[in-house]
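Computed from heavy atoms alone, side chains included, the values below leave out hydrogens, waters and symmetry copies. Positions are given from 1, in the same order as the sequence printed here.
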Amino acid sequence: MGNSALKAHLETAQKTGVFQLTGKGLTEFPEDLQKLTSNLRTIDLSNNKIELLPPLIGKFSFLKSLALNNNKLTALPEELCKLKKLETLHLNGNHLRQLPAAFGQLSALKTLSLSGNQLRTVPTQLSGLRHLDVVDLSKNQIQNVPDTVGELQAIELNLNQNQISQISTQISHCPRLKVLRLEENCLELSMLPQSILSDSQISLLAVEGNLFEIKKLRELEGYDKYMERFTATKKKFA
């Protein structure tokens, strides 16, 4: 992509606050963007070949949405955590193994998509985020869900297509969790905490494709309580 094309994109971005450059084979984050640190609200660089996010990302203090789906990121810089206005972060289809230590400082974050990465656990940093609505950690290599999940504020947690065989009972203490997706994992029925059914806010539990038959779930103590929540929620959205 030539410089003139990039220049045109920058001029548009200056007016609109949106910089979108997807599927152009970019191998690095466009340095010229730093001229627009106070303009940009949205950056979308999905479907490129970017391997590194430079520290200058921390200067985009008004950024609300950042999308870098389907790139080649293996790590994120700590500077990313300075984006106090960031509400949406899409990083699906990269090679991320962990999140920066200070990730919990992204205090405005509502939507986080990390599907198709190489995470091995539910990042503990997520527990500090007070406004999270949706967390997508599907298609990673997560094997267990740790105790810290009990502090997660999300409304929906997607853990489909991982390798989960253990879940902390703390998950039933999540104050806002309504939707829990655990399809296509390695769960035995005995490893599914019954408190999810009997004593949580969860009103949609998706567990197809694990190591038990769905009809066995209905025999568990607490299933009736779960169905009450499930039905009440369905009525609300009907």
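- Of the possible donor and acceptor atoms, none in the side chain of Asn47 sits under 3.5 Å from a partner among the backbone N and O of Lys24.
- Here salt bridge (Lys or Arg N to Asp or Glu O under 4.0 Å) pairs that include residues 181-197, with residues two or more places apart or in two chains, are Glu156-Arg181.
- Dense packing is recorded around CD of Glu87, with more than 12 heavy atoms of other residues, nucleotides or ligands lying under 6.0 Å away.
- Panel note: side chain Asn144, backbone Gln166; no donor-acceptor pair is recorded below 3.5 Å.
- In this structure, CG in Leu68 is found 11.5 Å from OG1 in Thr22, a value given to the nearest 0.5 Å.
- Put simply, NZ on Lys85 and OG on Ser65 are 15.0 Å apart, with the number rounded to the nearest 0.5 Å.
- Under the 3.5 Å distance criterion, the side-chain polar atoms of Asp44 are left unmatched by any main-chain donor or acceptor of Gln20.
- The environment of Lys49 atom NZ is sparse: at most 12 non-hydrogen atoms of other residues, nucleotides or ligands sit within 6.0 angstrom.
- Between Asn140 and Ser115, the shortest heavy-atom contact is ND2-CA, 4.2 Å.
- No donor-acceptor distance shorter than 3.5 angstrom exists from the side chain of Gln153 to the backbone of Arg176, with no hydrogens or angles considered.
- Taking both residues in full, the closest heavy atoms of Leu96 and Thr74 are given as CD2-C, 3.6 Å, listed atom of the first, atom of the second, then distance.
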ask   = Given the rule in the side-chain contact (heavy atoms from CB on, under 4.5 Å) test, do Leu73 and Asn117 qualify, once you have shown the distances and angles that lead to the verdict?
value = CA-CA 9 Å; Leu73 299 171; Asn117 279 282; over 6 Å; no
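- Side chains of Thr233 and Ser203: a donor on one and an acceptor on the other come within 3.5 Å.
- In summary, the side chains of Ser200 and Ser172 do not present any donor paired with an acceptor at a separation below 3.5 Å, with no hydrogens or angles considered.
- Between the Asn210 side chain and the Leu182 main chain, a donor and an acceptor come within less than 3.5 Å of each other.
- Phe19 and Leu52 are members of different hydrophobic clusters when ILVMFWY side chains are connected at heavy-atom separations under 4.5 Å.
- Contact check for His173 versus Glu151: no side-chain heavy atoms found under the 4.5 Å cut-off.
- Judged by distance alone, the side chain of Asp224 and the main-chain N or O of Gly222 form no donor-acceptor pair under 3.5 Å.
- Considering only heavy atoms from C-beta on, Leu56 comes within 4.5 Å of Glu31 through its side chain.
- A donor-acceptor pair is defined here as one N or O able to donate and one able to accept, closer than 3.5 Å; no such pair exists between the side chain of Arg130 and the backbone of Ala108.
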Worked verdict on Leu21 versus Leu6 for side-chain contact (heavy atoms from CB on, under 4.5 Å) = CA-CA 9 Å; Leu21 201 55; Leu6 181 58; 4.1 Å; yes
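- Between Leu217 and Tyr223, the shortest heavy-atom contact is O-CD1, 3.6 Å.
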inquiry  = side-chain contact (heavy atoms from CB on, under 4.5 Å), that's the test. Do Leu10 and Leu33 meet it? Break it down for me.
reply    = CA-CA 7 Å; Leu10 287 168; Leu33 279 187; 3.6 Å; yes
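- Atom CG in Leu106 sits 12.0 Å away from atom NZ in Lys82 (nearest 0.5 Å).
- By the 4.5 Å heavy-atom criterion applied to side chains, Ile155 and Leu177 are not counted as neighbours.
- Within the 4.5 Å cutoff, no side-chain heavy atoms of Leu204 are placed close to those of Leu180.
- Taking all atoms of both residues into account, the shortest heavy-atom contact from Pro77 to Ile57 is CG-CG2, 3.9 Å.
- Here OG of Ser61 is found 10.5 Å from CG of Leu40. Values are rounded to the nearest 0.5 Å.
- Put simply, Val18 and Leu89 are part of two different groups of oily side chains (I, L, V, M, F, W, Y) that touch within less than 4.5 Å, one to the next.
- Looking at heavy atoms from C-beta onward, Ser138 lies out of side-chain contact with Asn92 at the 4.5 angstrom threshold.
- Looking only at distances, no side-chain donor or acceptor of Gln163 sits under 3.5 Å from a matching main-chain atom of Asn185.
- Contact of the Val149 side chain with the Ile167 side chain is not registered, since no non-hydrogen atoms from C-beta on lie closer than 4.5 Å.
- In this structure, OG in Ser38 is found 6.5 Å from CZ in Phe62, a value given to the nearest 0.5 Å.
- For the residue pair Thr88 and Leu109, the shortest heavy atom distance occurs at N-CD1, 4.0 Å.
- Hydrophobic cluster membership is shared by Val179 and Val145, with clusters built from Ile, Leu, Val, Met, Phe, Trp and Tyr side chains linked at under 4.5 angstrom.
- Both Leu63 and Leu36 are members of a single hydrophobic cluster when ILVMFWY side chains are connected at heavy-atom separations under 4.5 Å.
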task = Kindly determine whether Glu28 and Glu51 satisfy side-chain contact (heavy atoms from CB on, under 4.5 Å), including the steps that lead there.
result = CA-CA 7 Å; Glu28 47 191 50; Glu51 291 179 23; over 6 Å; no
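- A 4.5 Å side-chain heavy-atom check between Leu211 and Leu189 finds every atom pair outside the cut-off.
- The backbone N or O of Gln14 lies less than 3.5 Å from a partner atom in the side chain of Asn39, making a donor-acceptor pair.
- Glu219 CD: more than 12 foreign heavy atoms inside a 6.0 Å radius.
- Between the side chain of Arg41 and the main chain of Thr16, no donor-acceptor pair closer than 3.5 Å is present.
- Rounding to the nearest 0.5 angstrom, the gap separating the CG atom in Leu45 from the CG atom in Asn70 is 12.5 Å.
- By the criterion of side-chain heavy atoms lying less than 4.5 angstrom apart, applied directly or through intervening Ile, Leu, Val, Met, Phe, Trp or Tyr residues, Leu119 is not grouped with Val134; the two fall into different hydrophobic clusters.
- Heavy atoms of other residues, nucleotides or ligands lying less than 6.0 angstrom from CD of Glu221 number 12 at most.
- At a threshold of 4.5 Å between non-hydrogen side-chain atoms, the residues Leu157 and Ile171 count as touching.
- Contact record, Val135 with Ala154: CG2-CB, 3.9 Å, taken as the closest heavy-atom pair.
- For the residue pair His90 / Ser113, a side-chain donor-acceptor distance below 3.5 Å is found, with atom types taken as modelled.
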